[in-house]
Student: 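Attaching a single structure in structure tokens format; questions to follow.
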Amino acid sequence: NLRRSKSPQSKQRTPSRVSTLSTRRNTKALFHSLSIKVPSTKTVTPLFSKVAAHNKDIGIDLDLIKQRIMMTVKAEKPQYEQLENTDLSGPILIALAFGCLLLLSGKIHFGDIYAMFLFGNSIMYFLVNFMNQVKFFHKKADVIPLYNVMSTLGYALLPMLILGGLGIIFTLKGTLGILISLSIAFWSSLAAGNTLEVYLREPHNNRRVLIIYPLFLFYLCFAMIVIF
């Protein structure tokens, strides 16, 4: 009797089990369809390579920018082979960042930065090439391109970003602020002077003072914009 009584109950439970199994399958299929597929590394790496190739096509070489920035931070004298490839994308970004830092401190000097940069680069271009012609007085000397001079002076503007950031936090009109501004201007002039010496092929640093002094005056003008 017990076996007979259990058989109808088991027959009644089978449809409910089938329904639960079907609902579980439906929910699994639903979550599987809603799941976000993460791209594999095989598809991501070609994307970054394409972006890097596109940046090089438009004249932006991130490795070159990083290398020139590290040379400016260390203020070391580079090798001539390291200066064969020059660009202006890094200096343009540095100049824009400098103008934005001044804007955060309540000063709008984008036009002044542009005018001072062009005026200073033109003077340094004629000065450096004049020194190069005097050195090779009896020989034909190679003209240092304006593009290289602008790239060198633009990258050396990088320490001015530190001064612009400090100008947001506190005023630089005191004695301490003037000393910091002078030291950062000297840092920029030293970094630019070491690179220009390589273009001049100066092995014994005979004309370092003649190069660094006008560069110091050039970067001191940018420091005065931050101070006043």
Side-chain angles (χ1 to χ4, degrees), residues 52 55-98 113-164 181-223:
N55 289 334
K56 289 184 179 180
D57 290 338
I58 61 178
I60 299 174
D61 192 352
L62 297 179
D63 295 332
L64 179 62
I65 293 173
K66 182 180 178 181
Q67 181 183 2
R68 296 298 298 269
I69 285 175
M70 292 305 298
M71 285 193 298
T72 303
V73 171
K74 296 178 182 179
E76 60 184 5
K77 193 172 183 178
Q79 299 294 327
Y80 189 79
E81 290 77 12
Q82 296 177 348
L83 302 177
E84 291 180 353
N85 298 323
T86 56
D87 68 315
L88 285 178
S89 56
I92 290 172
L93 292 176
I94 293 172
L96 288 175
F98 183 63
I113 295 171
Y114 180 74
M116 288 171 56
F117 187 76
L118 289 181
F119 181 72
N121 275 274
S122 60
I123 291 177
M124 288 304 302
Y125 169 73
F126 288 110
L127 178 62
V128 170
N129 280 286
F130 177 74
M131 292 172 64
N132 197 24
Q133 296 292 333
V134 170
K135 180 183 176 182
F136 299 97
F137 186 75
H138 298 288
K139 298 180 182 179
K140 185 178 180 181
D142 296 331
V143 177
I144 301 173
L146 179 62
Y147 188 82
N148 294 352
V149 176
M150 293 179 69
S151 178
T152 302
L153 270 63
Y155 275 108
L157 194 65
L158 181 67
M160 287 295 161
L161 299 182
I162 301 175
L163 189 64
S181 302
L182 291 175
S183 61
I184 289 179
F186 180 74
W187 181 7
S188 297
S189 60
L190 183 63
N194 288 332
T195 305
L196 291 177
E197 278 182 357
V198 177
Y199 285 122
L200 287 171
R201 307 291 180 93
E202 288 285 346
H204 303 293
N205 302 327
N206 295 325
R207 303 181 183 182
R208 172 171 287 188
V209 178
L210 296 177
I211 298 173
I212 291 180
Y213 178 69
L215 288 172
F216 179 74
L217 296 178
F218 171 68
Y219 291 108
L220 192 61
C221 295
F222 291 99

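It should be emphasised that the depicted structure is a prediction, and the values quoted were computed from it without experimental measurement. What's counted below: heavy atoms across the whole structure, side chains too, no hydrogens, waters or symmetry copies.
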Student: Could you state the interatomic distance from OG (Ser122) to CG (Leu146), rounded to the nearest 0.5 Å?
Tutor: 8.0 Å
Student: Would you say the side chain of Ile211 lies within less than 4.5 Å of the side chain of Met131, judging by non-hydrogen atoms?
Tutor: yes
Student: What is the distance from atom CG of Asn85 to atom CZ of Arg68, rounded to the nearest 0.5 Å?
Tutor: 10.0 Å
Student: Could you pull out the closest heavy-atom pair between Leu83 and Val198, with the gap in Å?
Tutor: CD1-CG1, 3.7 Å
Student: For Tyr147, look at atom OH and say whether over 12 heavy atoms of other residues, nucleotides or ligands are found less than 6.0 Å away.
Tutor: yes
Student: In terms of ring plane angle, is the pair Tyr80 and Tyr199 parallel, tilted or perpendicular, where the classes change at 30° and 60°?
Tutor: perpendicular
Student: Within a strict 4.5 Å, meaning less than it, do heavy atoms of the Met124 and Thr152 side chains meet?
Tutor: no
Student: Say whether, by atom type as modelled, one donor and one acceptor occur between the side chain of Asn129 and the main chain of Val143 under 3.5 angstrom.
Tutor: no
Student: Take Met150 and Tyr125, measure what side chain to side chain contact (heavy atoms under 4.5 Å, CB included) needs, and give me the verdict at the end.
Tutor: CA-CA 8 Å; Met150 293 179 69; Tyr125 169 73; over 6 Å; no
Student: Please check if the side chain of Ser188 supplies one atom and the backbone of Ala156 the other of a donor-acceptor pair under 3.5 Å.
Tutor: yes
Student: How long is the gap from CD1 on Ile65 to CG on Leu93, to the nearest 0.5 Å?
Tutor: 6.0 Å
Student: For the pair Phe222 and Phe218, name the ring-plane relationship: parallel under 30°, tilted 30 to 60°, perpendicular over 60°.
Tutor: perpendicular
Student: Hey, what do you get for CG (Leu64) to CD (Gln82), rounding to the nearest 0.5 Å?
Tutor: 10.5 Å
Student: If you measure from CG on Leu215 to CD1 on Ile123, what distance do you get to the nearest 0.5 Å?
Tutor: 11.5 Å
Student: So which heavy atom on Val149 is nearest to which on Asn121, and how close?
Tutor: O-OD1, 3.4 Å
Student: Which atom names give the shortest non-hydrogen contact between Ala75 and Leu190, and what distance separates them?
Tutor: CB-CD2, 4.3 Å
Student: Within the distance-only criterion (no hydrogens, no angle test), does the side chain of Tyr219 pair as donor or acceptor with the backbone N or O of Leu153 below 3.5 angstrom?
Tutor: yes
Student: Tell me the closest heavy-atom pair linking Ala95 and Leu157, and the distance in Å.
Tutor: CA-CD2, 4.4 Å
Student: Are a donor atom and an acceptor atom from the side chains of Tyr155 and Asp87 found within less than 3.5 Å of each other?
Tutor: yes
Student: Checking Ser151 now: which residues fulfil side-chain hydrogen bond (donor to acceptor under 3.5 Å, both in side chains) with it, not counting sequence neighbours?
Tutor: none
Student: Work out which heavy atom in Phe186 is nearest to a heavy atom in Ile212; give both atom names and the distance.
Tutor: CE1-CG2, 4.5 Å
Student: So how far is it from Leu163 CG to Ser183 OG, rounded to the nearest 0.5 Å?
Tutor: 8.0 Å
Student: Under 4.5 Å between any side-chain heavy atoms of Ile184 and Met160, yes or no?
Tutor: yes
